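These notes are about the structure you will find just below.
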Amino acid sequence: MSEEMKNQEATQDELDQFVSLKKGDTVKGTIVKLEDNQAYVSIGYKYDGVIPIRELSSLHVDSASDAVEVGQEVEAKVLSIDDEKEKLVLSKRAIDSENAWDQLQKHFEDQDVFEVVVADVVKGGLVADVGVRGFIPASMVERHFVEDFSDYKGRTLRVKVKEIDRENNKVILSQKDVLEQEFEANKVSVMAGLQEGQVIEGTVQRLTQFGAFVDVGGVDGLVHVSELAWTHVDKPSDVLSEGDKVNVKVLKVDPEKGKISLSMKAVQPGPWETAGDKFNSSDIVTGVVKRLVDFGAFVEIAPGVEGLVHISQISHKHIGTPHEVLKEGQEVQVKILDMNPSEQRVSLSIKETEEAPAQAPKSERPARNNAPREEINNPNVSLSNQGLSITLGERFGDKLSKFK
C-alpha cells in the first residue's frame with residue numbers, strides 16, 4: 001500500500017471519529033486559548049471547541065480567565081456542532097453541575113466537612129462555586145456576628161451542606177455548623193480539664209451589661225460584673241476591652257449546662273488585705289460617705305474598705321439622725337479609732353478630727369468682798385455673809401451675850 005493510500009485511510013478514520021461527535025456528548029480537552037468572553041478547547045477534533053463565558057462556571061464571571069486557565073484539563077458537554085461552519089460549542093458548567101449535584105447530595109447525607117472558596121460577597125451572605133451556585137447566608141458564616149464581609153472574597157471556608165434542592169437549583173452551605181460542632185467538642189475537653197480554684201490566663205471575647213466573656217482555651221467563661229473588681233463597676237466596658245489578656249480564677253464548672261463561672265477580683269489582693277498595711281489607728285484620712293443609717297454613717301476610706309462612724313462620733317453637738325449633718329457622697333475627714341482587717345471592720349470618728357467648741361462661760365456670782373460697803377449701822381444695805389455677821393453682832397451683841 002502506498003504512503004498516499006495510508007494517509008487517506010488515516011484521514012478517513014479521523015473523519016469517522018469526527019462524525020461520531022454529536023450534541024449531548026461528554027468530551028475531555030485542554031484549554032488552549034482565552035478571550036474575554038470565551039475559552040478555546042482542544043479535544044482532538046478537527047477544530048477547537050469554544051466554551052462561552054456563561055458556560056464556564058455556575059457563577060457569574062467577568063472574564064473567562066476568572067474561571068479557567070490555559071493548559072487546564074476540562075470536561076465539557078457538546079451543546080451544538082456545525083462542521084460546515086466549524087463551530088463546536090461546549091459547556092463546562094453542564095458537566096460540573098451534573099457531577100456536583102451527586103457529590104453535594106452525598107455531602108448532605110454524610111454531613112461531612114469540605115472546603116470551598118468564596119467567589120463573591122453578595123447581599124445577605126457569600127457565594128461559592130461548588131459545581132453549582134452555593135450560598136452561605138451571613139448568619140451561617142461564623143459563630144459570632146460579622147458586620148462587614150468585604151474581605152471574605154477568596155477565602156477558603158470549611159462547610160457542610162445545610163440544605164439541598166436540586167429541582168430549584170438551591171444549595172445552602174454553613175460554616176457555622178462546622179465551627180459549632182468543633183467548639184462543643186473542644187468545650188467538653190477543656191471543661192474536663194478545669195478545676196475550681198484554678199487560676200488561668202484568658203482573653204476577653206465579648207462585653208455585655210452583666211459581665212465579660214473570657215476565652216480560657218477555646219471555651220468562653222463568664223466573669224460576672226460583680227467579679228470584675230473589688231470596687232463597684234457600673235459597666236464592664238469601663239474596666240475592660242475586647243482582646244485584653246486577663247488572669248481569672250475558676251469559681252464553678254457546670255459541664256451539664258456548659259457554663260464556666262470565673263472571677264478576676266479573686267486573683268487580685270482584696271482591699272482588706274492591703275488595708276492593714278496602709279492604715280493605722282489614730283490616722284486621719286479622707287473618706288466618702290457611702291450610706292447613712294439611723295445609728296451612724298458608713299464611710300469608704302479606700303476602694304472596698306468601709307468603716308462605721310457611730311452617731312455619737314459624728315458631731316460634738318447632739319444630733320437626732322446622721323442626716324442632719326451628712327449626706328451620701330460627701331467627702332469627710334475621719335480618724336481611725338480601731339482597725340481590724342481580719343474581721344473587715346474599722347471604727348471611725350468625724351468629731352475627733354474637729355476642735356471641740358469652747359464652752360459658754362458660766363454666769364459669775366459677785367465676789368464676797370466686792371459688794372459696796374455701806375455704813376455698818378445701816379441694816380438695809382449689806383446682805384453679804386460677812387456684812388450680815390457684823391451687823392447682827394454689833395446690833396444684838398448685848399442680847400446674844402445672855403445666851404452664852
Side-chain angles (χ1 to χ4, degrees), residues 125 137-152 155 157-158 174-275 277-278 287-288 290-291 298 300-306 328-329 341 344:
S139 61
M140 297 184 188
V141 178
E142 303 286 357
R143 290 184 61 242
H144 57 273
F145 173 74
V146 178
E147 186 172 354
D148 183 10
F149 288 99
S150 59
D151 62 343
Y152 272 69
R155 283 196 195 182
L157 305 181
R158 293 175 302 123
S174 172
Q175 178 178 248
K176 182 178 180 180
D177 284 8
V178 177
L179 298 177
E180 288 285 6
Q181 184 179 12
E182 292 176 348
F183 174 79
E184 290 302 324
N186 182 62
K187 188 173 185 177
V188 172
S189 174
V190 172
M191 292 184 75
L194 290 177
Q195 296 180 347
E196 293 181 9
Q198 181 180 359
V199 176
I200 49 179
E201 185 182 65
T203 304
V204 177
Q205 292 296 309
R206 289 183 295 125
L207 299 176
T208 66
Q209 285 294 326
F210 55 84
F213 286 94
V214 177
D215 183 332
V216 286
V219 178
D220 290 347
L222 174 65
V223 181
H224 190 267
V225 65
S226 63
E227 292 293 335
L228 288 174
W230 288 104
T231 55
H232 175 72
V233 177
D234 286 325
K235 295 182 298 181
S237 57
D238 291 339
V239 294
L240 286 175
S241 299
E242 291 182 2
D244 284 352
K245 299 285 185 182
V246 293
N247 287 323
V248 291
K249 186 174 185 178
V250 180
L251 298 182
K252 186 178 180 182
V253 180
D254 189 341
E256 290 186 6
K257 294 183 179 179
K259 292 183 178 180
I260 303 169
S261 298
L262 306 170
S263 173
M264 283 175 53
K265 78 176 185 182
V267 299
Q268 303 164 359
W272 287 97
E273 292 179 52
T274 57
D277 298 328
K278 188 175 180 181
V288 177
K290 288 296 184 180
R291 287 176 295 140
F298 286 94
E300 185 179 62
I301 59 174
V305 178
E306 285 186 12
E328 292 181 0
Q344 298 189 2

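Since the model is a prediction, treat every value here as computed from it, not as a measurement.
One finds the CZ atom of R158 at 6.5 Å from the CD atom of Q175 (value rounded to the nearest 0.5 Å). The CD atom of E180 lies 11.0 Å from the CD atom of E142; values are rounded to the nearest 0.5 Å. Separation of atoms CZ (R206) and CZ (F145) is listed at 13.5 Å; rounding is to 0.5 Å. In this structure, CG on L222 lies 11.0 Å from OG on S263, to the nearest 0.5 angstrom. Atom CG of D238 is separated from atom CG of L207 by 10.0 Å, given to the nearest 0.5 angstrom. With rounding to the nearest 0.5 Å, the separation of CG in L262 from CG in L251 is 7.0 Å.
For K249, the NZ atom counts as loosely surrounded, since its 6.0 Å shell holds 12 or fewer non-hydrogen atoms of other residues, nucleotides or ligands. Environment of CZ in R143: crowded, with over 12 heavy atoms of neighbouring residues, nucleotides or ligands closer than 6.0 Å. Within a 6.0 Å sphere centred on CD of E196, other residues, nucleotides and ligands contribute more than 12 heavy atoms.
The two residues D151 and R155 make their nearest non-hydrogen contact at OD2-NH2, 3.2 Å. The two residues A229 and K265 make their nearest non-hydrogen contact at O-CD, 3.5 Å. Between V267 and N247 the shortest heavy-atom distance is CG2-O, 3.4 Å. Taking all atoms of both residues into account, the shortest heavy-atom contact from D254 to M191 is O-CE, 3.4 Å. Nearest heavy atom pair, residue S241 against residue D244, reads N-OD2, 2.8 Å. Nearest heavy-atom pair across V190 and V216 is CG1-O, 3.6 Å.
Side-chain contact check for V239 versus M264: every heavy-atom pair is 4.5 Å or farther apart. With a 4.5 Å cut-off on side-chain heavy atoms, Q205 and E242 do not count as touching. H144 is listed as a side-chain neighbour of V146, based on a closest heavy-atom distance under 4.5 Å. In this structure the side chain of I200 reaches within 4.5 angstrom of the side chain of L194, judged on heavy atoms.
Here the side chain of W230 pairs no donor or acceptor atom with the backbone of W272 at under 3.5 angstrom. Of the possible polar contacts, one joining the E300 side chain to the G304 backbone as a donor-acceptor pair under 3.5 Å is found. Side-chain N or O atoms of K187 include one that pairs as donor or acceptor with a backbone N or O of G258 at under 3.5 Å. Distance alone, capped at 3.5 Å, is enough to place a donor-acceptor pair between the N186 side chain and the G217 backbone.
The ring-ring contact (aromatic ring centres under 6.0 Å, His included) search around F213 returns none, not counting sequence neighbours. Residues meeting the side-chain hydrogen bond (donor to acceptor under 3.5 Å, both in side chains) test with S150, sequence neighbours left out: D148. For Q198, the side-chain hydrogen bond (donor to acceptor under 3.5 Å, both in side chains) criterion is met by no residue, not counting sequence neighbours.
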